[in-house]
Visitor: 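The structure follows.
For clarity, every value in this text was computed on a predicted model and none was experimentally measured. In this chain, numbering begins with 1 at the start of the sequence shown.
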Amino acid sequence: MSSIFGWSYPPGCSGPPDDDGVAPCEICGEPIDNCICPVCPVCGAFGDPDCYLVHGMRRTEEQKLGRAITDRDNKAEIDAQNKFWDRYAEEKEGCWP
């Protein structure tokens, strides 16, 4: 059976093998299932940026460090991808007269 998108994953597969579907916490940078953020005393949420803006919560040093590491790793990945595509474009231009 084909998908309406023209492709489908095999039975039991929900997406690409490297895609775990877990986005990092916006505050601490850890995956949501390993979030180190404390529970907000006002609303009971954790890892919610609004709690830090509206409810007066303060980020811990551990949260700041985790977010900085995640941001650094994301930037390195984006830079590597951009370098790959720049090199690809240069090689492609060299192949055609």
Side-chain angles (χ1 to χ4, degrees):
M1 180 172 136
S2 66
S3 165
I4 61 170
F5 300 108
W7 55 268
S8 64
Y9 293 108
C13 295
S14 60
D18 295 338
D19 182 18
D20 58 6
V22 178
C25 171
E26 294 181 56
I27 301 297
C28 69
E30 295 291 328
I32 294 297
D33 53 353
N34 291 331
C35 181
I36 61 171
C37 295
V39 175
C40 176
V42 176
C43 69
F46 65 92
D48 185 352
D50 288 340
C51 295
Y52 294 83
L53 296 172
V54 179
H55 300 156
M57 291 184 68
R58 302 264 185 238
R59 296 175 196 230
T60 65
E61 291 302 315
E62 191 175 36
Q63 287 171 308
K64 291 176 187 176
L65 179 62
R67 184 77 243 172
I69 290 170
T70 299
D71 290 346
R72 181 202 62 201
D73 292 348
N74 288 342
K75 183 183 181 317
E77 184 176 342
I78 290 168
D79 290 346
Q81 289 176 1
N82 287 339
K83 185 176 180 181
F84 170 82
W85 288 113
D86 288 346
R87 201 169 349 151
Y88 174 81
E90 290 172 6
E91 289 176 6
K92 187 174 179 183
E93 287 176 8
C95 292
W96 303 101

Visitor: Would you call K75 and D71 a salt bridge, taking side-chain N to carboxylate O under 4.0 Å as the test?
Guide: no

Visitor: Heavy atoms only: give me the nearest Q63-R58 pair and the separation to one decimal.
Guide: OE1-O, 4.0 Å

Visitor: So do P41 and H55 actually touch side chain to side chain, heavy atoms under 4.5 Å?
Guide: no

Visitor: Looking at F46 and C37, what are the two nearest heavy atoms and their distance?
Guide: CB-O, 3.9 Å

Visitor: To the nearest 0.5 Å, what is the distance between OG1 (T70) and CD (E26)?
Guide: 12.0 Å

Visitor: Can you give me the closest heavy-atom contact between C43 and C51, atom names plus distance?
Guide: SG-SG, 3.4 Å

Visitor: To the nearest 0.5 Å, what is the distance between CD1 (I78) and CG (D73)?
Guide: 11.0 Å

Visitor: Between C28 and E62, is a side chain to side chain contact (heavy atoms under 4.5 Å, CB included) present by the stated rule, with each step listed?
Guide: CA-CA 8 Å; C28 69; E62 191 175 36; over 6 Å; no

Visitor: Classify the ring geometry between F84 and Y88 as parallel (under 30°), tilted (30 to 60°) or perpendicular (over 60°).
Guide: parallel

Visitor: Do other residues, nucleotides or ligands put more than 12 heavy atoms under 6.0 Å from Y52 OH?
Guide: yes

Visitor: Quick one: CD on E77 to CG on N82, what's the gap to the nearest 0.5 Å?
Guide: 11.0 Å

Visitor: Looking only at heavy atoms, which two atoms of I36 and E30 are closest? And how far apart?
Guide: CG2-CG, 4.4 Å

Visitor: To the nearest 0.5 Å, what is the distance between CG (D48) and SG (C25)?
Guide: 9.0 Å

Visitor: Determine, step by step, whether K64 and E61 satisfy the salt bridge (Lys or Arg N to Asp or Glu O under 4.0 Å) criterion, reporting the C-alpha distance in whole Å, the side-chain angles of both residues, the deciding distance to 0.1 Å, and the verdict.
Guide: CA-CA 5 Å; K64 291 176 187 176; E61 291 302 315; 3.5 Å; yes

